[in-house]
Protein chains: 2
Amino acid sequence: MDTICSIEPGDSLIDMETLERVAPVIRNVAHPLRLRILDYLDREGEPRSVSEIMAAADADQPIVSQQLRILKDQGVLMARRDRNFVRYEIAERSVLLLLACIRSHQGARK
Amino acid sequence: MDTICSIEPGDSLIDMETLERVAPVIRNVAHPLRLRILDYLDREGEPRSVSEIMAAADADQPIVSQQLRILKDQGVLMARRDRNFVRYEIAERSVLLLLACIRSHQGARK
DNA sequence: CCATAAGATTATTATATCACTATATTAACA
DNA sequence: TGTTAATATAGTGATATAATAATCTTATGG
């Protein structure tokens with residue numbers, strides 16, 4: 001069957017390779033607790049320990065550690081050990097666009 | 001890379017209610033095929049039929065219909081019947097921020 | 001009414017993610 | 001060496017999401 005609407009080769013749709021690469025990252029970030037963690041780290045502006053993040057997120061330690069690992073595995077966060085603390089900070093600042101978007105829509109239309 | 005959106009001291013964290021509301025929407029959009037569909041509809045600028053979207057996404061009909069339904073259920077797309085075609089268009093334009101972000105990072109590092 | 005085209009829904013099976021509990025690691029220090 | 005604080009990992013069962021195939025619905029034209 002003939003194409004009803006042909007897509008020209010010159011069209012600049014984002015290539016599937018890129019979409020398949022970034023989708024999991026966005027998808028992993030798009031989790032309430034992980035967004036909260038990122039929001040907190042973004043606002044603090046400096047590396048924060050797991051304990052501090054637990055307090056900010058009001059969540060249990062294993063859950064927080066798990067979320068931190070997911071974010072670190074995706075390259076969104078980086079961790080650095082300091083004595084017996086581990087401090088996390090944002091490594092991939094492009095995710096902040098997501099937060100900026102959410103902040104600007106806070107309380108807005110559904 | 002500098003801050004995308006400066007944060008004033010004293011600002012509070014995004015409330016969990018908001019995060020829990022927007023996370024599923026972002027998460028649902030963050031799927032390669034759905035991103036491709038949104039990219040296509042965004043670039044076309046006008047409602048497109050399922051057949052046209054199938055061609056653009058290079059995907060089977062039931063899969064495309066399913067993705068369209070997910071996006072419509074989330075309020076990201078809206079549909080309108082025209083004879084025996086159904087034309088979809090973007091209803092929630094804030095998701096375009098995501099696409100803009102991806103486009104700007106296309107072909108970038110890592 | 002029948003056939004066909006355009007879409008939508010359902011069923012199935014595999015995989016992924018969730019929160020939670022329990023346990024393990026790691027480093028400081030007594 | 002033993003203890004404790006800080007963090008990480010592993011196991012578990014419930015729920016969610018994936019791609020695919022098969023079937024159903026709706027609208028048009030003969």
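Numbered from 1 within each chain, the chains take letters A, B, ... in sequence-line order. Excluded from the calculations below are hydrogen atoms, water molecules and symmetry mates; all remaining heavy atoms, backbone and side chain alike, are included.
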Participant: Using a strict heavy-atom distance below 4.0 Å, which residues from residues 26-35 of chain B are in contact with DNA chain C?
Facilitator: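 Residues of residues 26-35 of chain B that come under 4.0 Å of DNA chain C are, in numerical order, R27(B).
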
Participant: Measure from CD on E20(B) to P on dC18(C) and round the result to the nearest Å.
Facilitator: 13 Å

Participant: Testing the basics here: between L35(A) and V29(A), what is the closest heavy-atom pair and its distance to 0.1 Å?
Facilitator: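 Between these two residues, the closest heavy atoms are CG-O, 3.3 Å.
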
Participant: Whole angstrom is fine here: how far is it from CG in D60(A) over to C1' in dT21(C)?
Facilitator: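 Those two atoms, CG and C1', are 10 Å apart.
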
Participant: Hey, is the side chain of Y88(B) poking within less than 4.0 Å of OP1 or OP2 on dA8(C), counting only N and O atoms?
Facilitator: yes

Participant: Out of curiosity, L98(B) CG to D39(B) CG, how far, rounded to the nearest 0.5 Å?
Facilitator: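 It is 11.5 Å, given to the nearest 0.5 Å.
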
Participant: For the pair made of CE in M54(A) and C1' in dC20(C), what is the distance, rounded to whole Å?
Facilitator: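 So the two atoms are 14 Å apart, to the nearest Å.
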
Participant: Heavy atoms within less than 4.0 Å of DNA chain D: which residues of residues 62-74 of chain B have one? Give them sorted by number.
Facilitator: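 By residue number: P62(B), I63(B), Q66(B), Q67(B).
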
Participant: Any side-chain N or O of S51(A) less than 4.0 Å from the OP1 or OP2 oxygen of dT7(D)?
Facilitator: yes

Participant: Within the pair S49(B) and dA6(C), is there a side-chain N or O less than 4.0 Å away from OP1 or OP2?
Facilitator: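 Answer is no, no contact under 4.0 Å.
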
Participant: Let me know the distance between CD1 of I53(A) and C1' of dT7(D), rounded to the nearest Å.
Facilitator: 11 Å

Participant: Which letter, B, S or -, goes with each nucleotide of nucleotides 24-30 of chain C from 5' to 3', with contact meaning a protein heavy atom under 4.0 Å?
Facilitator: ---SSS-

Participant: Is D15(A) atom CG crowded by more than 12 heavy atoms from other residues, nucleotides or ligands, each under 6.0 Å away?
Facilitator: yes

Participant: Would S65(B) and V50(B) satisfy side chain to side chain contact (heavy atoms under 4.5 Å, CB included), going step by step from the backbone distance to the final call?
Facilitator: CA-CA 7 Å; S65(B) 271; V50(B) 177; 4.3 Å; yes

Participant: Atom CZ in R103(B), atom CG in L13(A): separation rounded to 0.5 Å?
Facilitator: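 Nearest 0.5 Å value for the CZ-CG distance: 8.5 Å.
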
Participant: Test side chain to side chain contact (heavy atoms under 4.5 Å, CB included) on K72(A) and M78(A); report intermediate values, then the result.
Facilitator: CA-CA 6 Å; K72(A) 198 180 65 161; M78(A) 56 181 296; 5.6 Å; no

Participant: Figure out the CD/C1' separation between Q61(A) and dC20(C), and round it to whole Å.
Facilitator: 12 Å

Participant: So, does E52(B) use its side chain to make a donor-acceptor pair with the main chain of S49(B) at under 3.5 Å?
Facilitator: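 Side chain of E52(B) to backbone of S49(B), a donor-acceptor pair under 3.5 Å: yes, one is there.
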
Participant: Report yes or no: is the cationic atom of R87(A) (NZ for Lys, CZ for Arg) closer than 6.0 Å to the six-membered ring centre of F85(A), at no more than 45° off its axis?
Facilitator: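 Here R87(A) passes the 6.0 Å and 45° test against F85(A).
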
Participant: Could you go through L96(B) and L38(B), starting from their C-alpha distance and side-chain angles, then the distance that decides it, and tell me whether this counts as side chain to side chain contact (heavy atoms under 4.5 Å, CB included)?
Facilitator: CA-CA 8 Å; L96(B) 300 181; L38(B) 290 171; 5.6 Å; no

Participant: Output the distance between atom OG1 (T18(B)) and atom CZ (R21(B)), rounded to the nearest 0.5 Å.
Facilitator: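 Rounded to the nearest 0.5 Å, the OG1-CZ separation comes to 5.0 Å.
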
Participant: To the nearest 0.5 Å, tell me how far R48(B) CZ sits from E89(B) CD.
Facilitator: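 R48(B) atom CZ to E89(B) atom CD measures 11.0 Å (nearest 0.5 Å).
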
